[in-house]
Amino acid sequence: MIEKIVPAFAELSEFASIGAGGGVVFATDDFFATCENMIMDSEPIFIEDKYTEFGKWMDGWETRRRRTAGHDWCIIKLATKCVIRGLLVDTAFFTGNYAPKYSIQAACLTPEEEESIPTRVSKMGTACNKFDAKHIERLKSDKWDEIVPVTALRPGYEETRLNFQKVLSDDAWTHIRVNIYPDGGIARLRVFGEAKPERPPRNQVVDLISLLNGATCLGFSNAHYGHPKNVIKPSKGKCMSDGWETARRLDRPNVIEANDDGTMKSTGQEWAVFKLGFPGKIKQICVDTNHFKGNYPDSVKIEGACLGRADWCPELVGNWHNILKPSKLSAHNEHWFDCDSDVITHIRVTMAPDGGFSRIRALGYVDDQII
Ligand SMILES: NC(=O)NC(NC(N)=O)C(=O)[O-]
């Protein structure tokens, strides 16, 4: 059994994957496998005898063997402006064709600069996007800050595939440029950090628990099959593992131990705590059990607390109060609830007795006057 040491930064929010809202803006070459694969949410796979008209099918970004000077690179738009604390460059299954070295540069593009970049149409066997002189000027390497110097990668064998890299800069970025030297493949790229979005206007309805607005998952009781940080992604959940799913509780309702009146006995429940992106008042909650059919929770309860500038920690008692009283859920469904909370900074979601759901939304208004 291979023990994988995962650094603490990998617990932070992730901003490059498609589910989080990341995207590929440009790639010098998509010959064997398109750059979009590198930011897919799924775990990379290998299919022994699968070939395309270009060569071996690979689950990642793979350029051709260069026969000219230079190196391959791509630009990834991050889901939101963020400080990058660390990266994972996963070379899974790229063994004789992994990129031997890489470096990362970053930039903070204005919305105007970003809008002026043409949309990429990805296609294997090509170099995508033809930029005009104006775009090329902004995309030039010397306009970007180096946040990871040229660094060796390890091949995609099980014991060497996970290349974690800590990042020290405290600046916030909207885009990264991934350079590979000279060419080759990367299965997945993950960018971990803290969102730094602009503060929304007070009269605008926003999802205060969205990853894109800077919300984070701070703690949970159980994440056996799926991490609760998934439920605040902006996209619709792709599959069960893209949501929060606990193990079956051993004290879950048991027919043998039913109460005298026939109701089920259950003592336990599972919880997760989230810090909102901005303090605010919640008007509507959505709990989406998409894909959870035989394992959706019986009910969900949502509490809020105003912890001021204090950080939540498991020892903190906090003044939690119900925003949503325990409410029944159903399979594979969006459940919308009206509510009317005071100003809160944190949300605790409790599901009884166990199970999983795909997404949560907390629509409301930013209100940071008392903080
Ligand atoms: N067997 C391979 O993977 N070969 C090549 N890559 C692909 N995808 O076919 C290569 O030369 O890097």
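In listed order, ligands and their atoms are each counted from 1. Below, all heavy atoms of this structure are taken into account, side chains as well, without hydrogens, waters or symmetry copies.
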| By side chain to side chain donor-acceptor pair (under 3.5 Å), which residues pair with Trp57, not counting sequence neighbours? |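 Checked Trp57 against side chain to side chain donor-acceptor pair (under 3.5 Å); zero matches.
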
- Thinking salt bridges, do Glu146 and Arg177 make one under a 4.0 Å N-O criterion?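 A salt bridge is absent here (no side-chain N lies under 4.0 Å from a carboxylate O).
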
Flag the pair Lys196 and Asp171 as a salt bridge only when some basic side-chain nitrogen lies within less than 4.0 angstrom of an acidic carboxylate oxygen.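 No.
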
Item to check | Pairing residues for Asp41 by the salt bridge (Lys or Arg N to Asp or Glu O under 4.0 Å) criterion, not counting sequence neighbours | outcome: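 With sequence neighbours excluded, Asp41 shows a salt bridge (Lys or Arg N to Asp or Glu O under 4.0 Å) to Lys233, Lys238, given in chain and number order.
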
Should you measure from each heavy atom of [X], which atoms of ligand 1 turn up under 4.0 Å away?
{"X": "Arg65", "answer": "10 (C), 11 (O), 12 (O)"}
{"X": "Met58", "answer": "8 (N)"}
{"X": "Gly55", "answer": "9 (O)"}
{"X": "Lys56", "answer": "3 (O), 7 (C), 8 (N), 9 (O)"}

*asked:* Just verifying a value: how many Å separate Thr91 OG1 and Arg188 CZ, rounded to the nearest 0.5 Å?
replied: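 These two atoms lie 12.0 Å from each other.
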
TODO: Please report which non-hydrogen protein atom sits nearest to atom 12 (O) of ligand 1, along with the residue it belongs to and the distance in Å to one decimal place.
DONE: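 Sorting protein heavy atoms by distance from atom 12 (O) of ligand 1 puts Glu62 OE2, 3.1 Å first.
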
Q. Closest non-hydrogen protein atom to atom 3 (O) of ligand 1, residue and atom name please, with distance?
A.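 Result: Asn97 ND2, 3.2 Å.
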
